[in-house]
Amino acid sequence: MTVHEDAAHVLLEELQGEPAGASMLARMTASLYEGSYSRQLIAWVGQTQYEPAYWPPHQVAALTHVLDGLVYGRIVRRRIRVGATPGPDTDRQGNAAKLKAVSLPFRTHLSMSQNGADSDGTFSWEQPINLWRALGVRLLQEKGIYGSLHAPFEVKPWKVPLEVGYTLPSRTLMHLAVEGAVARWAYDDTEICLLLDLSRLGEMAGTRPLPTGIEPFNLGL
């Protein structure tokens with residue numbers, strides 16, 4: 001068993017040990033069995049050859065933790081167009097060629113062998129980029145439609161892990177906990193989804209201040 005799977009087992013025990021966590025796990029498990037979820041949303045966190053309904057409980061715990069972070073604004077995302085979906089994992093040359101379509105300031109590097117590495121490659125940007133975080137404030141727009149109020153923040157040039165195709169939710173959780181971010185190019189997706197954990201952002205924040213309530217974290221870079 002890998003380190004990230006061990007961590008997911010610990011997370012599972014923690015969630016099961018508290019009423020709110022156990023309830024959240026039960027709701028997630030039920031939604032997976034019923035199929036009442038967004039396949040794309042799940043794929044940003046994890047994707048395997050098995051349907052999510054058949055994932056072991058510790059992987060469901062990892063999935064639940066990341067999705068909860070997205071819902072409540074602790075984890076933010078940005079979509080980057082590729083224009084093609086990834087091919088089989090063995091087609092490294094073909095996938096690398098498709099990733100060349102990613103436009104500046106973003107760059108991708110796909111490992112040609114991986115050799116048991118913790119990721120399939122790297123995803124980076126050469127200049128500060130803006131992301132937006134939902135503040136949980138509803139805003140009345142035209143025609144009586146409600147939207148969410150978002151606040152911008154800036155992230156300095158950075159290099160983060162890239163995961164292509166199949167990956168376990170526990171691996172995504174590990175990247176967010178250790179590196180603070182991960183770029184996911186899932187099967188059947190024409191865009192890369194960049195996930196950032198605001199609580200781990202720290203020194204990579206740019207000139208804009210971190211959102212209220214987020215404490216800086218030193219990545220040791």
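No hydrogens, no waters, no symmetry mates; every other heavy atom, side chains included, goes into these values.
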Practice item. Determine whether T122 and L162 make a side-chain contact, defined as any pair of heavy atoms from C-beta on separated by less than 4.5 Å. Key: no

Check your understanding: Given the rule that I, L, V, M, F, W and Y join up when any side-chain heavy atoms are under 4.5 Å apart, are V182 and V102 in one cluster?
Key -> no

Review point. Got a donor-acceptor contact below 3.5 angstrom from the R184 side chain to the G165 backbone?
Key: yes

Exercise for review: For R107 and K159, indicate whether the former's side chain and the latter's backbone hold a donor-acceptor pair under 3.5 Å.
Suggested key: no

Practice item. With sequence neighbours excluded, tell me which residues meet side-chain hydrogen bond (donor to acceptor under 3.5 Å, both in side chains) with R81. Key: none

Check your understanding: Taking the side chain from K98 and the backbone from P86, do they hold a donor-acceptor pair closer than 3.5 Å?
Key -> no

Check your understanding: Is it true that R39 and E51 have a side-chain N and a carboxylate O under 4.0 angstrom from each other?
Key -> yes

Review point. Between I192 and L99, is any pair of side-chain heavy atoms under 4.5 Å apart?
Key: yes

Review point. With a 4.5 Å limit on heavy-atom distance, are the side chains of W185 and N95 in contact?
Key: yes

Practice item. Enter the distance from L168:CG to L63:CG here, rounded to the nearest 0.5 Å. Key: 11.5 Å

Check your understanding: What distance do L173 atom CG and E5 atom CD have between them, rounded to the nearest 0.5 Å?
Key -> 12.0 Å

Practice item. Could you tell me whether the side chain of I129 reaches within less than 4.5 Å of the side chain of P105, counting heavy atoms only? Key: yes

Review point. Could you state the interatomic distance from CG (D118) to OG1 (T2), rounded to the nearest 0.5 Å?
Key: 9.0 Å

Check your understanding: Where the side chain of Q47 meets the backbone of Y187, is there a donor-acceptor pair that is under 3.5 Å apart?
Key -> yes

Check your understanding: Going through the distances and angles, do D89 and D120 end up as a side-chain contact (heavy atoms from CB on, under 4.5 Å)?
Key -> CA-CA 9 Å; D89 187 60; D120 290 311; 4.1 Å; yes

Point to revise | Gap separating the OG atom of S103 from the CD1 atom of I80, nearest 0.5 angstrom | key: 9.0 Å

Practice item. Taking the side chain as every heavy atom from C-beta outward, state whether H58 and E13 have any pair of such atoms under 4.5 Å apart. Key: no

Review point. Under the 3.5 angstrom rule, does the side chain of W125 hit a backbone N or O of L104 as a donor-acceptor pair?
Key: no

Check your understanding: Will you find, in the side chains of R27 and S23, an N or O donor that is under 3.5 Å from an N or O acceptor?
Key -> yes

Review point. Per the side-chain contact (heavy atoms from CB on, under 4.5 Å) rule, which among H9, H4, H65 passes with S170?
Key: H4

Point to revise | same_hphob_cluster(L195, I42) at 4.5 Å side-chain heavy-atom cutoff | key: yes

Check your understanding: Quick one: does E163's side chain get under 4.5 Å of T172's, heavy atoms only?
Key -> no

Review point. Quick one: do F123 and L176 end up in the same hydrophobic cluster if we chain Ile, Leu, Val, Met, Phe, Trp and Tyr together by side-chain heavy atoms under 4.5 Å apart?
Key: no

Review point. Do the side chains of V60 and M28 get nearer than 4.5 Å, heavy atoms only?
Key: yes

Check your understanding: Distance from H109 atom NE2 to S124 atom OG, nearest 0.5 Å?
Key -> 10.0 Å

Review point. Partners of D189 by side-chain hydrogen bond (donor to acceptor under 3.5 Å, both in side chains), sequence neighbours excluded?
Key: W44, R79

Review point. Do W55 and M174 sit in the same hydrophobic cluster, where Ile, Leu, Val, Met, Phe, Trp and Tyr count as joined when their side-chain heavy atoms come under 4.5 Å apart?
Key: no

**Study point:** Minimum side-chain heavy-atom gap D197-H175 below 4.5 Å
**Key:** no

Check your understanding: Going only through I, L, V, M, F, W and Y residues with side-chain contacts under 4.5 Å, is there a path from L196 to L70?
Key -> no

Exercise for review: Working to the nearest 0.5 Å, report the span between CD of E191 and OG1 of T85.
Suggested key: 12.5 Å

